[in-house]
Amino acid sequence: MSSVYSDPIHGTHPEPIDHFDRLPDSLLLLVFNMIGDVKALGRCCVVSRRFHSLVPQVENVVVRVDCVISDDDCSPSSSVKSRADGPFSTLFRLVFGGIVKPLQALGQFLGPERPSLNKTLNTSSSSSLSVGLGGGEDGERDQGGVTHHSPTQVLRNFNELRFLRIELPGGELGIDDGVLLKWRADFGSTLDSCVILGAGSVFNNVHFQVPDHGNNGFCINNGSNVGNGDDNGSIPESFYTSGGLKLRVVWTISSLIAASARHYLLQSIIAEHKTLDSLVLTDADGQGVLCMNGEQLQELRVKPLSASSASKRTLVPALNMRLWYAPHLDLPDGVVLQGATLVAIRPSEQSASKKEVSDASWLSSAFEEPYGTAAKMLVKRRTYCLEMNSF
């Protein structure tokens, strides 16, 4: 029997039907999982009590961090940390001079509090998601009228999280315009593997002419078959004498430090969400991606990570590395990489038990196109082996 309500002007009418009430919870959860974005889910929470009770059951969540804040100085003028202020910057300035810009420091997420979801995910202009630099304990910050909430704090409201993607506002490594540097790292309780792709410059015009000794002294061959192995993949002498190898070492160490710092700050999230099957920590620049599958997540829960004594990051184990280099690499879609370099990394103790680091399918799947193709082309060239101690 339908309900009715009385309108003194227009008479008696049937009570309007809320069609959302007719949808099953399973269908609403499917919609919420398609939404994913944690702030949008926060808005859904305030629509109705039913939505508020369903959102914590969402399995697929995307957290986009708005800013990186400093725990040492909470004043509005210095709440956002510049790339030049990281704890690794002094070391890199001393060792590598002006080759690369200093790393941006990444600290641990803030806050043990667990406020209500719609409060935490306030979407007004005075609220943002932030990552703290350092060891602060407060879960909520109010700096200059802007309330900051950490991803750890927000995610405590989700009870059945399975797939989590966190996106930082930018990559940690300050690189010059036109330089390509991308990495992907897989972690358990420590580093499982890392792939790094770099190039001194990238351009799209296949007819662009370069001098014979451009790109910081690297020898450039403009022949149509360059990049296809006709030079036997040999590294030119200029690569060693004009800083090319040194620059690639900087790229490698910088990427490993960035990856290990990201891994370190995920500890509390992984410990609190036992249902997690997949975790990805990336950045808006597309510079680096840290991935952990269900097996790796469980490994970290059972076997705590080893932290570096010098900084807030996971200790990088002793490594075996393989490097491939091409002075000039023409990709099928017209993208050209100068000084293209691919580095594949595994811990020394795993090299004997895991697949060869030169496995082309593993390396090419680490990057989206056209860079996956670049990796496939580079592994056909001569391989150079290197080793690195733990740091």
Side-chain angles (χ1 to χ4, degrees), residues 83-107 168 170-176 179-187 190-200 216 218 235 239-240 242-265 281-283 285 287-291 305-325 339-351 357 363 366-367 375 378 383-391:
R83 294 189 180 200
D85 293 333
F88 308 123
S89 61
T90 302
L91 170 65
F92 272 77
R93 275 197 292 267
L94 289 173
V95 178
F96 303 115
I99 295 178
V100 293
K101 297 178 182 178
L103 289 174
Q104 175 188 32
L106 286 178
L168 299 174
E172 298 90 332
L173 309 181
I175 56 176
D176 295 332
V179 174
L180 172 71
L181 182 58
K182 292 181 175 292
W183 58 265
R184 172 184 166 136
D186 289 78
F187 276 81
T190 187
L191 179 71
D192 276 348
S193 65
C194 183
V195 188
I196 302 167
L197 178 66
N216 296 325
F218 297 136
I235 292 180
F239 180 82
Y240 302 100
S242 58
L245 179 60
K246 184 178 181 180
L247 178 60
R248 270 65 184 180
V249 171
V250 171
W251 286 351
T252 301
I253 295 176
S254 301
S255 298
L256 289 169
I257 289 177
S260 61
R262 292 189 187 187
H263 182 249
Y264 181 88
L265 56 79
L281 178 52
T282 183
D283 58 78
D285 296 335
Q287 186 180 93
V289 181
L290 182 149
C291 301
L305 61 81
S306 297
S308 168
S309 59
S311 56
K312 294 181 179 297
R313 62 175 180 84
T314 302
L315 185 69
V316 177
L319 303 171
N320 284 340
M321 301 184 290
R322 296 195 181 187
L323 181 147
W324 298 266
Y325 175 80
T341 307
L342 181 70
V343 183
I345 304 168
R346 285 198 191 277
S348 301
E349 63 182 18
Q350 295 181 6
S351 297
V357 75
L363 296 172
F367 306 107
L378 283 165
T383 302
Y384 294 82
C385 297
L386 304 91
E387 294 182 352
M388 183 177 292
N389 293 329
S390 176
F391 64 94

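Between Thr341 and Trp324, the side chains place no donor N or O within less than 3.5 Å of an acceptor N or O (distance only, hydrogens not considered).
For the pair Ser306 and Thr190, the minimum side-chain heavy-atom distance is 4.5 Å or more. In this structure, Met388 and Leu256 have side chains that are in contact, with non-hydrogen atoms separated by less than 4.5 Å. Inter-residue side-chain proximity for Val195 and Phe367 is flagged as met; some heavy-atom pair is nearer than 4.5 Å. Within the 4.5 Å cutoff, side-chain heavy atoms of Arg262 are placed close to those of Asp283. When side chains are defined from C-beta on, Leu323 does not count as touching Thr252, because their heavy atoms never get closer than 4.5 Å.
Residue Arg184 holds its CZ atom at 14.0 Å from CG of Leu197, rounded to the nearest 0.5 Å. Atom CG of Asp192 is separated from atom SG of Cys291 by 11.5 Å, given to the nearest 0.5 angstrom. Atom CG in Leu265 sits 9.0 Å away from atom CG in Leu290 (nearest 0.5 Å). Here CG of Leu173 is found 5.0 Å from OG of Ser255. Values are rounded to the nearest 0.5 Å.
The closest donor-acceptor contact from the side chain of Ser308 to the backbone of Thr314 lies at 3.5 Å or more, if one exists at all.
Among residues two or more places apart in sequence or in another chain, the side-chain contact (heavy atoms from CB on, under 4.5 Å) test is passed with Ser193 by Asp186, Arg346, Trp362. Under the side chain to side chain donor-acceptor pair (under 3.5 Å) criterion, Ser260 pairs with no residue, sequence neighbours left out. Legend: residues meeting side-chain contact (heavy atoms from CB on, under 4.5 Å) with Ala318, ordered by chain and number and at least two apart, are Ser348. For Ala185, the side-chain contact (heavy atoms from CB on, under 4.5 Å) test picks out Trp183, Phe187, Leu191, Cys194, Ala259, with sequence neighbours left out.
Taking every heavy atom of both residues into account, Ala307 and Tyr264 meet most closely at CB-CE1, 3.8 Å. Across all their heavy atoms, Tyr325 and Arg248 have their closest contact at CE1-NH2, 3.8 Å. In plain terms, the two heavy atoms of Asp285 and Gly170 that are nearest each other are OD2-CA, 3.4 Å. Taking every heavy atom of both residues into account, Ala375 and Leu342 meet most closely at O-CD2, 3.8 Å. Gln287 and Leu181 make their closest contact through CG-O, 3.5 Å (heavy atoms, listed as atom of the first residue, atom of the second, distance).
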